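See structure below.
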Amino acid sequence: MAAPGPVTTEAPCEPSQPPVIEGFSPTVYRNPEGFKEKFLRKTRENPMVPIGCLGTAAALSYGLYSFHRGDSQRSQLMMRTRIAAQGFTVTAILLGLAASAMKSRP
């Protein structure tokens, strides 16, 4: 049987200090951004995403209303419109991501 290694009384990490990770420097935000501020900033950065979300919600709502009234033709049209609005929203998100990635390049 092998002899155990030397016993040290030093703790592997000090609980009162954050661990040191090479190449990483954490930032502390003094004034965290609230929901409203973040929503407004993101809307200013890419205004097409909220427009697409509102269009999707409107098409869904009107389609469900038409379905409830028994107007199946209008309901089908609104469900197809909802799919188009969702596609618009996803495209706007992807274009916004691509634009921000290109802007952040040096």
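Just so we're clear, the structure is a prediction, and the values are computed from it rather than from any experiment.
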Only distances under 3.5 Å count here; give the side-chain donor-acceptor pairs of residues 35-59 to other protein atoms, sequence neighbours excluded, each with its distance to 0.1 Å.
unit_1, atom_1, unit_2, atom_2, d
E37, OE1, G34, N, 3.1
R41, NE, E33, OE2, 2.8
R41, NH1, E45, OE2, 3.1
R41, NH2, E33, OE1, 3.1
T43, OG1, F39, O, 2.7
N46, ND2, A92, O, 2.9
T56, OG1, G52, O, 2.8

List the atom pairs, with distances to 0.1 Å, where a side-chain N or O of residues 62-71 and a protein N or O form a donor-acceptor pair under 3.5 Å, not counting sequence neighbours.
unit_1, atom_1, unit_2, atom_2, d
S66, OG, Y62, O, 3.0
D71, OD1, R74, N, 3.4

Please tabulate, for the side chains in residues 93-101, all donor-acceptor contacts under 3.5 angstrom to protein atoms that are two or more places apart in sequence or on a different chain.
unit_1, atom_1, unit_2, atom_2, d
S100, OG, G96, O, 3.3
S100, OG, L97, O, 3.0

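Rounding to the nearest 0.5 Å places CD1 of I83 at 4.5 Å from CD of Q86. Distance CD/Q76 to OG1/T81: 10.5 Å, rounded to 0.5 Å.
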